2 protein chains.
Amino acid sequence: MATKGIQSRNRQEVTARILAAAERVFAEFGYAGASISRIAAQAGIPKSNVVYYFETKELLYRRVVGEIFDIWRAAADSITVDNDPIQALGDYIDTKLDLARTRPYGSKVWANEIIQRAPIVQDYLEDELRSWTEDRIVVIEAWIARGQIRPISARHLLYAIWATTQHYADFTHQITTLNEGVELTNRQWDETKSAVKDLLLRGVEKHGGV
Amino acid sequence: MATKGIQSRNRQEVTARILAAAERVFAEFGYAGASISRIAAQAGIPKSNVVYYFETKELLYRRVVGEIFDIWRAAADSITVDNDPIQALGDYIDTKLDLARTRPYGSKVWANEIIQRAPIVQDYLEDELRSWTEDRIVVIEAWIARGQIRPISARHLLYAIWATTQHYADFTHQITTLNEGVELTNRQWDETKSAVKDLLLRGVEKHGGV
DNA sequence: AAAAATGTTGACCGATCGTGCAGAAATCAT
DNA sequence: ATGATTTCTGCACGATCGGTCAACATTTTT
């Protein structure tokens, strides 16, 4: 038989396509609603082949969640004591909004998992997310102690940034519907970045005038 | 046979219990993962009885979504041109955070539905949510035209309020985990309200000083 | 009290689910 | 070229799903 067109030849390529298909299907149908056969169809391969590479649905799901978690963690690299607070937080918001646009499915998978009380990835929360969050809170509070920003609640500032940026990924469909049914343009995404930074960081700046 | 203990006698009581059980189960397992038998078990009645009152899973689901939508809509009653902007928006945030605490399951059902591109309630979005949103934007822009608040983006302000307040409902599990595994106390909920209003409304106030 | 209407329930159906498994096909090692 | 290893796939399984239905219980109407 001739080479099968779409079908790729090596392990890495196939697993990558399965992971991409799984991220999308898990996002659009939830964990329970995402059947292996639907993921396989999305990837263009038989169901059994998905199982061959990932063994179980749960293991495949954990790989998808782990990927998006790592990406988000890297997005906060700018939040360190030595960077300028407004610049660093602004970069963080920009990066997360870029991710909301380019990787919306991963954000949705994460949201689904947390909404359902993290039945699969609770260990992620308790190990990695907890210490990661505490580290960032320490940085923000150091900024406050130095008098670089207003004494806001570091924790709630982080939550507000997460909530707002991820909203543009998780609720894309609602936002599109309220945008007369068409996806946001490049210009509108730029306006979104400006508006979010304006709204969230004006409460943080020390000398924010009118 | 003697009366069956938990089992109630009239239509209204049974349907109310089914709706409450369904809201919870739909939130915790998603639409696909929420089986009728699990909803029935949560309500303490046989599966067939759920079907008797609501006919299909989809019709039951629409009733649940419709309920939470009506509640949210009522929460924005304070947003009118004649009210003080900061007071009105602050009340809206307070009310939505109260709802995040008292009706978290409804918020989660809504989030799940939008994440999955509103396969069931798209008509809600296009009919009711769209006009409702435009009305509120008109009010906020009237405040700006009158010079009562800074010229921020009304639309993105609404989105930020939605995102942040609903985050405390949808991501309760994550917030609890980051709170050493214990639910927020009354005091912490009060702090949340203050922090959210401080962060979001300082960017709105016209004469927000340091 | 008889009849009608309403409420309740367990048994059952076809479809789909996740997964195990045997064997075919392809690739690699010698 | 031949055997070993890896990759790929169709089939079968027990379980669970949403929904139907007929029988039974209760309440309401006459």
Side-chain angles (χ1 to χ4, degrees), chain A residues 1-19 21-65 109 112-113 116 119-120, chain B residues 1-19 21-65 109 112-113 116 119-120:
Chain A
M1 181 191 295
T3 43
K4 289 212 185 161
I6 312 171
Q7 194 161 336
S8 61
R9 219 177 272 106
N10 63 71
R11 185 180 200 101
Q12 176 129 359
E13 243 181 274
V14 178
T15 55
R17 180 158 61 233
I18 294 172
L19 282 170
E23 182 171 306
R24 176 167 181 170
V25 175
F26 278 129
E28 292 189 335
F29 299 92
Y31 181 79
S35 64
I36 297 180
S37 54
R38 189 137 38 185
I39 293 170
Q42 178 74 34
I45 60 177
K47 181 173 82 162
S48 306
N49 208 355
V50 175
V51 179
Y52 171 72
Y53 279 111
F54 292 93
E55 302 215 67
T56 68
K57 179 176 168 179
E58 180 175 328
L59 285 174
L60 171 57
Y61 180 76
R62 287 184 66 89
R63 286 281 299 275
V64 171
V65 173
V109 172
N112 263 325
E113 171 70 5
Q116 295 175 22
I120 313 285
Chain B
M1 182 193 292
T3 43
K4 287 210 183 167
I6 312 170
Q7 194 160 337
S8 61
R9 219 175 275 109
N10 64 70
R11 186 178 200 102
Q12 175 130 358
E13 242 181 274
V14 178
T15 55
R17 181 158 58 232
I18 294 173
L19 282 170
E23 182 171 308
R24 176 168 182 168
V25 174
F26 278 129
E28 291 188 336
F29 298 92
Y31 181 79
S35 64
I36 298 179
S37 53
R38 190 139 38 188
I39 293 170
Q42 178 72 36
I45 59 176
K47 180 176 82 161
S48 307
N49 209 353
V50 174
V51 179
Y52 172 73
Y53 279 109
F54 293 91
E55 301 213 66
T56 69
K57 181 175 165 178
E58 180 175 327
L59 285 174
L60 171 56
Y61 179 77
R62 287 185 66 90
R63 285 282 301 273
V64 170
V65 173
V109 172
N112 264 324
E113 172 70 4
Q116 295 175 21
I120 313 286

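Every chain is numbered from 1 and lettered A, B, ... according to where its sequence line falls, protein lines coming before strand lines. Since the structure is predicted, the reported quantities are computational estimates derived from the model, not experimental observations.
Atom pair B/I36:CD1 and C/dG10:C1' shows a separation of 16 Å (rounding to whole Å applied). Remark: P of C/dT19 and OH of A/Y61 are 14 Å apart, rounded to the nearest angstrom. Residue B/K57 contributes atom NZ, which lies 11 Å from atom C1' of D/dT16 at whole-angstrom precision. Between A/I45 atom CD1 and D/dT9 atom P the separation is 8 Å, expressed in whole Å. Rounded to an integer number of Å, the gap from B/R17 CZ to C/dT8 C1' is 13 Å. The nearest whole Å value for the distance from the CZ atom in A/F29 to the P atom in C/dT16 is 14 Å. At whole-Å resolution of the value, CZ in A/F26 and P in C/dC17 are 13 Å apart. Protein atom CD1 of A/I39 is 14 Å distant from nucleotide atom C1' of C/dT19, rounded to whole Å.
Relative orientation of the A/Y61 and A/F26 rings is perpendicular, given thresholds of 30° and 60° on the angle between their planes.
Residue B/K47 places a side-chain atom within donor-acceptor reach of the base of D/dG19, judged by atom type and a 3.5 Å distance cut-off alone.
Taking 4.0 angstrom as the limit, B/Y53 places a side-chain polar atom (N or O) nearer than this to OP1 or OP2 of C/dT8. Residue B/S37 places at least one side-chain N or O under 4.0 Å from the OP1 or OP2 atom of D/dC17. One finds no side-chain N or O of B/Y52 lying less than 4.0 angstrom from the OP1 or OP2 phosphate oxygen of C/dT8. Taking only side-chain nitrogens and oxygens, B/S35 never comes nearer than 4.0 Å to OP1 or OP2 of D/dT16. At the phosphate of C/dT6, neither OP1 nor OP2 sits under 4.0 Å from any side-chain N or O atom of B/R11.
Using a 4.0 Å heavy-atom cutoff across all strands shown, B/A34 reaches sugar-phosphate atoms only and no base atom.
The cationic atom of B/R38 (NZ for Lys, CZ for Arg) lies less than 6.0 Å from the six-membered ring centre of B/F29 and within 45° of the ring axis. A cation-pi arrangement is found for A/K57 relative to A/Y31, the charged atom lying closer than 6.0 Å to the ring centre and inside a 45° cone about the ring normal.
When distances run from any side-chain atom of A/V14 to the nucleotides C/dA11, C/dG20, D/dC8, the shortest one goes to D/dC8.
Salt-bridge check for B/E28 with B/R24: passed, with a basic side-chain N closer than 4.0 Å to an acidic carboxylate O. In summary, B/E13 and B/R17 do not engage in a salt bridge, as defined by a charged side-chain N under 4.0 Å from a carboxylate O.
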